[in-house]
2 protein chains.
Amino acid sequence: MSAKNSRHRGAATIDLVLCSARRGRLHVLVTRAAGGAAVLPYTWAVDGADLARAARELARDVLGASAAWLVSGAATAEKRHPTGAALSVPYVGVVGPAIEAPVGSAWHSVDALPALAPRQRAMAADALDALRLHMDSAPVAFRLLPAAFTLSDLQQVYELLLGRRLHKASFRRALQAAYLVTPTDSWRREGRGRPAQLFQYAPRKRRGGGARSVRFDLLGK
Amino acid sequence: MSAKNSRHRGAATIDLVLCSARRGRLHVLVTRAAGGAAVLPYTWAVDGADLARAARELARDVLGASAAWLVSGAATAEKRHPTGAALSVPYVGVVGPAIEAPVGSAWHSVDALPALAPRQRAMAADALDALRLHMDSAPVAFRLLPAAFTLSDLQQVYELLLGRRLHKASFRRALQAAYLVTPTDSWRREGRGRPAQLFQYAPRKRRGGGARSVRFDLLGK
DNA sequence: GCCAATAAGTAACATGCCGCGACTAATGTC
DNA sequence: GACATTAGTCGCGGCATGTTACTTATTGGC
């Protein structure tokens, strides 16, 4: 254990699983430590400092841009952290696809991650489930996109998060009914095919808001 | 700061928000500390020990029964913990209604909690949201009930969690379609009215399992 | 120019789920 | 035996979703 680690004996790390949708796959930002080992970005928790704020600052430091959305995961003391820290608090964040990885780090597909310390490997493996858990009540999918996006882009992100193909007409009908997006007067030319209109995330009030019903459909797996 | 607290300087607590459905309200188990102050049960995190396991053991210790379901909340360093601990990891657990509070503790309605330390007050306030977050993908409602329950009991728990009245016929139709319960040959007499059949939670395989679709309905609030 | 290929966007029908009211069934009370 | 009370079911109408087919707009090849 290094001198740095012993200074922090008994303390906790804040670990960041930064996610981005790239080429139809979910990617995670992995940095290279001094020795060349692959690690997720982390920082030490400071007594009295807000953990979520620290995670946001870490995202800005490592990425040069703020995370568009962030959620805390389950703190864990299991398995080995790169630092040997006893306790780690994971934060899962998302950014748009235009954010490039700074030098010393790279986006890796969540299907083919490099060798991480076991605790960080578990955090990365749980990231998609964390996004799925919150995507119905938080604009996770929209935060994985730039401010202006096409409806096909949005559908692809939902397909990525759900792990399932969706039907275009149904998707757009449901989206329309939810009053979540407004069209802009910009159109994107993709090369071939008809240009696509760009939309913005702009949720509006809706009657019957929050009156959700029972959902048994996910219970029996 | 006491000697005990300074021994644990920089360490983390595991805090337990034990929930139970009583008389149509969600209740939380609150214990009385030596000085008479109201506190949620907590323990100190031990290096190398699994946090979830520690939370389960804490539940058994304080309640004399295992928590029927348990989930981790977001670790927090904000506000004041009764011990002055820098970091706390909340766990939200549920038990059935037959579990009585041991001496030195009591069930309090989440609407009328006694004065807790600010950090624990926040944990208790977040408990219902945590249950709501997981009730669609985990059998939270069923774990708030005894092993054998009536469908009216189950509906009341769902109404409690959703904060909304449900229609009997719709509720039962959806439940039937989900293959989640099986009838027993026991019936419960409530005093007046027709006796109710008792059911058990016994989820069975279902075709098209896990093929969930988009849900925009909770997004715009 | 004209046509095929490609992708965006729309229309219309079918199916299924859900809210709702009305009904039946079984028990205790007066 | 009438009534209140609670459990449980039936069926209709409306709304949401799945699906297929169609229209529109662009690029590229001949």
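Owing to the predicted nature of the structure, the values given are computational and were not obtained by experimental measurement.
- An OP1 or OP2 oxygen of C:dG19 is reached within less than 4.0 angstrom by no side-chain nitrogen or oxygen of B:His167.
- When ring centroids are compared, B:Tyr158 and B:Phe171 come within the 6.0 Å threshold.
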Extract from the structure each pairing of a protein N or O with an N or O of nucleotides 28-30 of chain C at less than 3.5 Å, listing the distance.
{"residue": "C:dG28", "atom": "O4'", "partner": "B:Gly191", "partner atom": "O", "Å": "3.2"}

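- One interatomic measurement links the two molecules: CZ of A:Arg212 to P of C:dC17, which rounds to 18 Å at whole-angstrom precision.
- Within the structure, a side-chain polar atom (N or O) of A:Ser170 is placed less than 4.0 Å from OP1 or OP2 of D:dG18.
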Under 3.5 Å, side-chain donor or acceptor atoms of residues 58-75 of chain A against the rest of the protein: list the pairs with distances, not counting sequence neighbours.
none

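- With hydrogens and angles disregarded, no donor-acceptor distance shorter than 3.5 Å links the side chain of B:Gln200 to the backbone of B:Ala148.
- Salt bridge A:Arg212/B:Asp136: present, at least one basic N to carboxylate O contact under 4.0 Å.
- Remark: C1' of D:dT17 and CG of A:Leu162 are 15 Å apart, rounded to the nearest angstrom.
- As rounded to whole Å, 17 Å separates atom C1' of C:dG16 from atom CD of B:Gln176.
- We find that CZ of A:Arg188 is positioned 15 Å from P of D:dT27, with the value rounded to whole Å.
- In this structure, OH of A:Tyr179 is placed 10 Å from P of D:dA16, rounded to the nearest angstrom.
- For B:Arg22 and B:Glu100, the salt-bridge test passes: some basic side-chain N is under 4.0 Å from an acidic carboxylate O.
- Residue A:Arg215 contributes atom CZ, which lies 19 Å from atom P of C:dG16 at whole-angstrom precision.
- If you check the side chains of A:Thr13 and A:Ser88, you find a donor sitting under 3.5 Å from an acceptor.
- A salt bridge links A:Asp217 to B:Arg215: one of the charged nitrogens lies within less than 4.0 Å of a carboxylate oxygen.
- Taking atom CD of residue B:Gln155 and atom P of nucleotide D:dT6, one finds them 14 Å apart after rounding to whole Å.
- Between the side chain of A:His81 and the backbone N or O of A:Lys79, no donor-acceptor pair lies under 3.5 Å.
- In this structure, the CG atom of B:Leu166 is 13 Å from the C1' atom of C:dC20, given to the nearest Å.
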Dump the pairs, protein N or O against N or O of nucleotides 8-10 of chain D, anything under 3.5 Å, distances to one decimal.
{"residue": "D:dG8", "atom": "OP1", "partner": "B:Gln197", "partner atom": "N", "Å": "2.7"}
{"residue": "D:dG8", "atom": "OP2", "partner": "B:Arg172", "partner atom": "NH1", "Å": "3.2"}
{"residue": "D:dG8", "atom": "OP2", "partner": "B:Arg172", "partner atom": "NH2", "Å": "3.3"}
{"residue": "D:dG8", "atom": "O5'", "partner": "B:Arg172", "partner atom": "NH1", "Å": "3.2"}
{"residue": "D:dG8", "atom": "N7", "partner": "B:Lys168", "partner atom": "NZ", "Å": "2.3"}
{"residue": "D:dG8", "atom": "O6", "partner": "B:Lys168", "partner atom": "NZ", "Å": "3.2"}

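- Taking 4.0 Å as the cut-off between side-chain N and carboxylate O, A:Asp153 and A:Arg188 count as a salt-bridged pair.
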